[in-house]
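Beneath this line is the structure, given in structure tokens, with notes to follow.
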2 protein chains.
Amino acid sequence: MSTDSSRIPRSPGTAPTGTAGLRVDARHNRDRIVEAAREAFSELGIDVPMAAIARRARVGVATLYRRFPTRESLVTEVFAEQLTECASVVDDALAEPDAWHGFRTLIEKVCAMQALDRGFTEAFLSAFPDALDYERTRVRAEQGLAELVRRAQASGRLRADFAPEDVVLVLMANSGLVAGSARSAPAASRRLVAYLIESFRADRAAPDEPLPPTAPLSLGHLGLPGSGTGRSG
Amino acid sequence: MSTDSSRIPRSPGTAPTGTAGLRVDARHNRDRIVEAAREAFSELGIDVPMAAIARRARVGVATLYRRFPTRESLVTEVFAEQLTECASVVDDALAEPDAWHGFRTLIEKVCAMQALDRGFTEAFLSAFPDALDYERTRVRAEQGLAELVRRAQASGRLRADFAPEDVVLVLMANSGLVAGSARSAPAASRRLVAYLIESFRADRAAPDEPLPPTAPLSLGHLGLPGSGTGRSG
DNA sequence: GGACAAACGGAGAAGGCCGTCCACTTGTCG
DNA sequence: CGACAAGTGGACGGCCTTCTCCGTTTGTCC
């Protein structure tokens with residue numbers, strides 16, 4: 001804000017929610033907020049009240065709102081790390097010599113991430129149109145994904161009619177499991193992914209490994225809380 | 001219904017939300033409420049405010065609450081028809097001479113129903129533990145389902161390691177699509193189901209029909225409202 | 001150490017939804 | 001037609017959430 005020599009509150013060009021130029025106590029509080037939010041989102045879902053996050057961080061509500069004016073900005077911050085991890089999973093997959101194995105591992109890894117963190121899935125699903133970092137990372141992920149699919153198909157292991165959009169299909173389907181069965185989500189997810197992967201193989205004649213075990217689901221357990229709330233709304 | 005001559009407000013043993021013994025205007029209003037609720041649930045999701053339903057039905061809130069003391073009772077009423085339709089789909093499948101074809105058609109039909117009505121899926125997912133009709137129908141559906149799976153496996157067309165719980169897996173996965181992509185849900189659902197069905201076949205060497213076309217999805221469209229709200233919370 | 005801006009926390013306004021209460025209207029039966 | 005119970009609608013209190021205002025505290029720099 002100043003053009004003067006010292007006491008520069010914030011360097012120009014820094015994101016307003018960034019940590020630069022903050023007083024040390026403020027920075028400390030900000031970190032605690034992010035950590036508290038991470039926990040809260042993971043346990044209670046993305047719709048947890050702001051006040052609950054503030055309480056967890058032992059901070060006033062005003063402090064929270066000062067750092068993160070909207071819930072969206074907080075969510076973006078919290079999941080930025082995991083999102084870039086997601087993107088790096090794509091890079092890893094591309095680096096693999098065996099494209100099919102890379103493809104397969106990618107699907108499995110991302111779905112496992114989704115299954116482990118309720119908030120992550122929800123954050124993914126709420127799809128902020130204007131979160132810049134998200135947008136950039138997303139585009140990169142999409143391009144990498146398309147390339148990966150192309151290579152896996154060229155190798156003859158991935159069926160030719162598989163479309164890159166089908167990855168989104170898988171993620172959405174997987175998110176349905178996560179939303180529906182909180183506790184058994186990881187197991188259920190593994191099994192679903194195994195089924196799908198089998199279906200994605202070009203040579204479906206060859207037997208795959210045995211399926212992961214079934215999760216203890218029944219029509220009655222459909223959507224009943226496994227350990228969380230069971231539904232978002 | 002009655003053991004007496006006249007003016008009996010309500011016969012004992014009749015369900016409290018039933019339509020019996022209501023004054024004609026009241027019955028009329030009740031019908032309008034159910035219809036309004038059906039529309040509202042389908043368009044806006046199951047969490048639509050009670051007041052909105054009342055307004056749609058051109059009825060006071062009190063009238064709505066008098067007929068349906070809880071949101072759950074209203075949902076139960078609204079989806080009872082579709083639920084029994086669901087159950088009859090199981091019966092149809094059991095009646096088919098070709099067990100595999102019955103199994104396959106069942107999955108496809110139920111998923112299509114889910115994809116068409118946002119509210120239906122949500123109602124299914126919220127899993128009312130004490131809605132009696134639901135419970136009875138559910139148990140019947142579960143037993144029929146198990147039988148169907150057994151027969152389809154006996155016929156050698158359904159893979160032996162398929163578990164009846166896997167049907168729930170499919171429904172949950174499908175509900176993820178419906179929640180995530182409102183407008184393109186039917187198309188997306190068809191494709192997902194096609195993939196899964198292929199994977200469920202015992203003889204995966206034989207080529208299936210071509211896949212249904214991809215829905216226009218991208219990572220960016222993940223969860224963005226196709227035409228509805230995109231998320232329940 | 002002292003001055004000052006940065007940062008803080010809690011109170012509370014605003015808005016939304018739920019579910020109830022009660023004074024008024026209307027269908028029904030004799 | 002007249003009486004009365006059944007039925008109705010809207011206002012209202014309670015609760016929960018979001019977000020802001022403002023008096024007080026605290027870190028930082030000279």
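Residue numbers begin at 1 in each chain, while the letters A, B, ... track the order of the sequences. Excluded from the calculations below are hydrogen atoms, water molecules and symmetry mates; all remaining heavy atoms, backbone and side chain alike, are included.
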How close do [X] and [Y] get, heavy atom to heavy atom, and via which atoms?
X: Ala188(B); Y: Leu169(A); value: CB-CD1, 3.6 Å
X: Asp92(B); Y: Lys109(B); value: OD2-NZ, 4.1 Å
X: Asn174(A); Y: Ser189(A); value: OD1-OG, 2.7 Å
X: Leu74(A); Y: Leu64(A); value: CD2-CD2, 4.3 Å

For this session: Nearest-nucleotide wise, let me know which of Met50(B) and Val24(B) is further upstream toward the 5' end of DNA chain C.
Result: Met50(B)

Problem set entry | 5' priority, DNA chain C, between Asp25(B) and Thr70(B) [closest heavy atom] | Thr70(B)

Exercise. Just checking Arg66(B): base, sugar-phosphate only, or nothing, at a heavy-atom cut-off of under 4.0 Å?
Worked result: base

Exercise. Considering only heavy atoms, which members of residues 55-65 of chain B lie under 4.0 Å from some atom of DNA chain D?
Worked result: Arg58(B), Val59(B), Gly60(B), Ala62(B), Thr63(B)

For this session: With a 4.0 Å heavy-atom cut-off, tell me which residues in residues 31-42 of chain B come close to DNA chain D, sorted by residue number.
Result: none

Exercise. Counting only N and O atoms by type, is there a donor-acceptor contact under 3.5 Å from the side chain of Ser42(B) to the main-chain atoms of Glu39(B)?
Worked result: no

Exercise. Once you round to the nearest 0.5 Å, how far does CG of Asp31(B) lie from CZ of Arg67(B)?
Worked result: 11.0 Å

Exercise. Could you state the interatomic distance from CZ (Arg71(B)) to OH (Tyr65(B)), rounded to the nearest 0.5 Å?
Worked result: 7.0 Å

Interatomic distance, [X] [atom1] vs [N] [atom2] [rounded to whole Å]:
X: Arg27(B); N: dA6(D); atom1: CZ; atom2: P; result: 15 Å
X: Asn29(B); N: dT25(C); atom1: CG; atom2: P; result: 17 Å
X: His28(A); N: dA7(C); atom1: NE2; atom2: P; result: 15 Å
X: Leu74(B); N: dG19(C); atom1: CG; atom2: P; result: 12 Å

For this session: Classify the side chain of Arg23(A) versus the base of dA6(C) as yes if they form a donor-acceptor pair under 3.5 Å and no if they do not.
Result: yes

Exercise. Do you know which of Arg27(B), His28(B), Arg23(B) makes side-chain hydrogen bond (donor to acceptor under 3.5 Å, both in side chains) with Asp25(B)?
Worked result: Arg23(B)

For this session: Examine dG7(D): is either OP1 or OP2 under 4.0 Å from a nitrogen or oxygen in the side chain of Arg30(B)? Give yes or no.
Result: no

For this session: Classify the angle between the aromatic ring planes of Phe200(B) and Tyr195(A) as parallel (below 30°), tilted (30 to 60°) or perpendicular (above 60°).
Result: perpendicular

For this session: Side chain of Arg71(B) only, please: which of dC18(C), dG27(C), dT8(D) is the nearest?
Result: dC18(C)

